[in-house]
Amino acid sequence: MDLIDDDEAGGPGANAPEFTVSELSGAIKRSVEQGFPHVRVRGELGRVSRPSSGHLYLDLKDDRAVLSAVIWRGTAQGLRTKPEQGMEVVATGRITTFPGQSRYQLVIESLAPAGLGALMALLERRKKALEAEGLFAADRKRPVPYLPEVIGVVTSPSGAVIRDILHRLRDRFPRHVLVWPVSVQGERCAPEVAEAIRGFNALPRGGPVPRPDVLIVARGGGSVEDLWGFNEEAVVRAAADSAIPLISAVGHETDTTLIDLAADLRAPTPTAAAELAVPVRLDLMAALAGLEERRRSGLARGLSDRRRRLRDLGRLLPRPETILAERVQRLDEFAQRLPRGLTAALQARRLAFERRAGRFGPQLMRWVVDQRRAMRDRSVAGRFGPALLAALLRDARRRLEATGGRVSLAPLHRSHSTARAGVSALEERLLRAGSGRLEADRARLNAQARVLETLSHKRTLARGFALVRTEEGQLVATAEDARAQARLRVTFRDDDVLLVPDPGPASAPAPRRPRGQKPAAQQGETRDTGAPERSGGGQGELF
């Protein structure tokens, strides 16, 4: 069967004008845009596409239809609410067509959540997603320094929040404060707060602008929409990545934002954030005063214990006379033995000399006998004549020369000189040894005397202490023993004083008078009781 064209057959529409595809698409586009110039559509976001061009392509749907929508890049950058799949929103824009695919779409100009329920649902989904990444984990949180030097505050410079924080810091503990001004509401809130947190962290240590030790992100109370900037993902990530400990103080105590969960510490109000940042100076001063008092008391107690221990150990030390008695006795013994030793040495040297000289004794005796015989011969020669005398003299001279050749007195003189030199050297050595020993004993005696002087109770008395004893000289250590005595002898640095103790119970300690105020007795208040003047707070009588 042959196909017959409608125009040739004269069917319906044979007289309708002809359009090109582009002309028809343009006519439809103009009709749609003129029919729906401005609309508001409520629905659930389905597909959300974010290409590299910066435009957003998404679908609005309900249970029976789907509407394609587009948000141009300039509009998308200024949206307060970030579109996410599953969010119920109210979109405002205009209907147009896309001829390239023969479809119509909504060009969105503004986008807002559809009521509080949708915002809370979005907040809950965002919270779960960030929590799954570990941004709210407790192990990520850092401790806030106890007393920071510099505090960085991220807030509006014109609101009451910054004044409350500064006033509270001034009352508790004044610190150096750096303020980074930001918008705390509206479209610019989230990027400015995130930039402020990153800017404080980027400050170098030791630079011209001091790096804060702690950050405070603060804002007053408001609705969920007003506080929504602190729920944005950029702010939460900046707070979690901050290397400086961060205190969140957004809204009132009942308001909870996502930055509160990412911060290292949450404060219910901005004023409470200032209280958490610094301690109370007066409390610190009181604590320091208490520690100083404990230190002083501990030091005094330690010194007292060591002084008592030293005194107890001093009682165990021997008396100086006992320490020196043995050495003095040995010195006396050496002094007595020295003359005897010198005498014995001289005698030994003399005996040695005599033993050596004894070897020359027979020759000397023979020479003496010959001399005597010669003297007799001379007397006989006087009777027998000069010739005989001359002959005897010649014979005696000859024997004397022969004997003198065999016997020499030089060794005898040398032995005697050597003996005398040895005795002199021995005597000098003994004297040096005795002098050195005496000097060493004297030095040890002086050292022991200095130790004794250091440990002497007179040094303690010179520092203002007193020694209490009975009249018989026994030490008195307690007040009960003192009351049991008729008289007490109190030894001061310069002299002793006799006191009569008060037999009654010990009175309460006298109140401490201000420095420079004289006692009552020195201010003209005297009591004429007829008794001797009392001293020591009524505990005894001075004689």
Side-chain angles (χ1 to χ4, degrees), residues 116 119-120 123-124 126-128 130-131 135-148 150-175 177-186 189-190 192-194 196-197 200 212-242 244-284:
L116 183 60
L119 284 177
M120 297 307 295
L123 179 63
E124 188 63 25
R126 184 175 295 171
K127 176 182 176 182
K128 290 181 179 179
L130 296 176
E131 186 176 7
L135 299 183
F136 305 152
D139 55 355
R140 293 175 56 94
K141 300 183 184 300
R142 294 164 296 276
V144 177
Y146 181 71
L147 185 60
V150 181
I151 300 175
V153 180
V154 179
T155 188
S156 174
S158 59
V161 172
I162 186 61
R163 292 194 297 269
D164 294 342
I165 292 176
L166 295 177
H167 177 72
R168 199 58 176 167
L169 290 176
R170 186 166 53 250
D171 289 344
R172 289 174 66 86
F173 206 117
R175 298 279 87 184
V177 178
L178 293 178
V179 179
W180 194 300
V182 296
S183 298
V184 294
Q185 183 176 344
C189 174
E192 290 184 1
V193 171
I197 296 175
F200 272 131
D213 299 315
V214 65
L215 297 181
I216 298 177
V217 179
R219 188 205 186 280
S223 62
V224 177
E225 292 81 1
D226 295 337
L227 303 178
W228 191 256
F230 297 94
N231 292 321
E232 294 293 343
E233 184 177 350
V235 175
V236 176
R237 292 188 181 278
D241 295 338
S242 175
I244 303 175
L246 188 142
I247 301 176
S248 173
V250 178
H252 298 302
E253 187 172 0
T254 56
D255 299 326
T256 302
T257 57
L258 294 183
I259 192 176
D260 296 335
L261 304 178
D264 299 300
L265 188 63
R266 179 184 181 270
T269 61
T271 304
E275 294 177 356
L276 294 175
V278 296
V280 181
R281 180 173 56 181
L282 296 179
D283 293 346
L284 286 179

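Source: prediction; values computed, not measured. Heavy atoms only: backbone and side chains are in, while hydrogens, waters and symmetry mates are out.
Among all heavy-atom pairs drawn from Ile151 and Ala277, the shortest one is CD1-CB, 4.2 Å. A pairwise comparison of heavy atoms in Pro145 and Pro245 identifies CD-CG, 4.0 Å as the closest pair. In terms of heavy atoms, Ile165 sits closest to Ala218 at CD1-CB, 3.9 Å. Shown here for Glu232 and Ala190, the closest heavy-atom pair between the two residues is CG-CB, 3.5 Å. Listed here is the closest heavy atom pair of Val236 and Ile259: CG2-N, 4.1 Å. Between Ser156 and Ile162 the shortest heavy-atom distance is O-CG2, 3.9 Å.
Note: Glu192 CD to Ile197 CD1 = 12.5 Å, rounded to the nearest 0.5 Å. Between Leu178 atom CG and Ile216 atom CD1 the span is 11.5 Å, to the nearest 0.5 Å.
Scanning for side-chain contact (heavy atoms from CB on, under 4.5 Å) contacts around Arg163 gives Ala160, with sequence neighbours left out. Applying the side-chain hydrogen bond (donor to acceptor under 3.5 Å, both in side chains) rule to Gln185 yields the partners Arg219, Asp226; only residues at least two apart in sequence or on another chain are considered. By the side-chain hydrogen bond (donor to acceptor under 3.5 Å, both in side chains) test, Glu233 is found to be paired with Arg237, residues two or more places apart in sequence or in another chain being considered. Taking the ring pair (Phe, Tyr, Trp, His ring centres under 6.0 Å) definition, one finds that Phe200 meets it with Trp180, sequence neighbours left out.
Environment of NZ in Lys127: sparse, with no more than 12 heavy atoms of neighbouring residues, nucleotides or ligands closer than 6.0 Å.
By the 4.5 Å heavy-atom criterion applied to side chains, Arg175 and Leu147 are counted as neighbours. Considering only heavy atoms from C-beta on, Cys189 stays 4.5 Å or farther from Val182 through its side chain.
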Using residues 260-267 as the side-chain source, report each donor-acceptor pair under 3.5 Å to any protein atom, sequence neighbours left out, with the distance given to one decimal.
from: Asp260; atom 1: OD1; to: Ser248; atom 2: OG; distance (Å): 2.3
from: Asp260; atom 1: OD2; to: Thr257; atom 2: N; distance (Å): 3.1
from: Asp260; atom 1: OD2; to: Thr257; atom 2: OG1; distance (Å): 3.3
from: Asp260; atom 1: OD2; to: Arg266; atom 2: NE; distance (Å): 3.2
from: Asp264; atom 1: OD1; to: Arg142; atom 2: N; distance (Å): 2.8
from: Asp264; atom 1: OD2; to: Arg142; atom 2: NH2; distance (Å): 3.1
from: Asp264; atom 1: OD2; to: Leu246; atom 2: N; distance (Å): 2.9
from: Arg266; atom 1: NH2; to: Glu253; atom 2: O; distance (Å): 3.1
from: Arg266; atom 1: NH2; to: Asp255; atom 2: O; distance (Å): 2.6

Using distance only, find each side-chain donor-acceptor pair of residues 268-276 under 3.5 Å and give its atom names and separation, not counting sequence neighbours.
from: Thr269; atom 1: OG1; to: Ala272; atom 2: N; distance (Å): 3.1
from: Glu275; atom 1: OE2; to: Arg168; atom 2: NE; distance (Å): 2.8
from: Glu275; atom 1: OE2; to: Arg168; atom 2: NH2; distance (Å): 2.6

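By the 4.0 Å N-to-carboxylate-O rule, Asp241 lies close enough to Arg140 to be salt-bridged with it.
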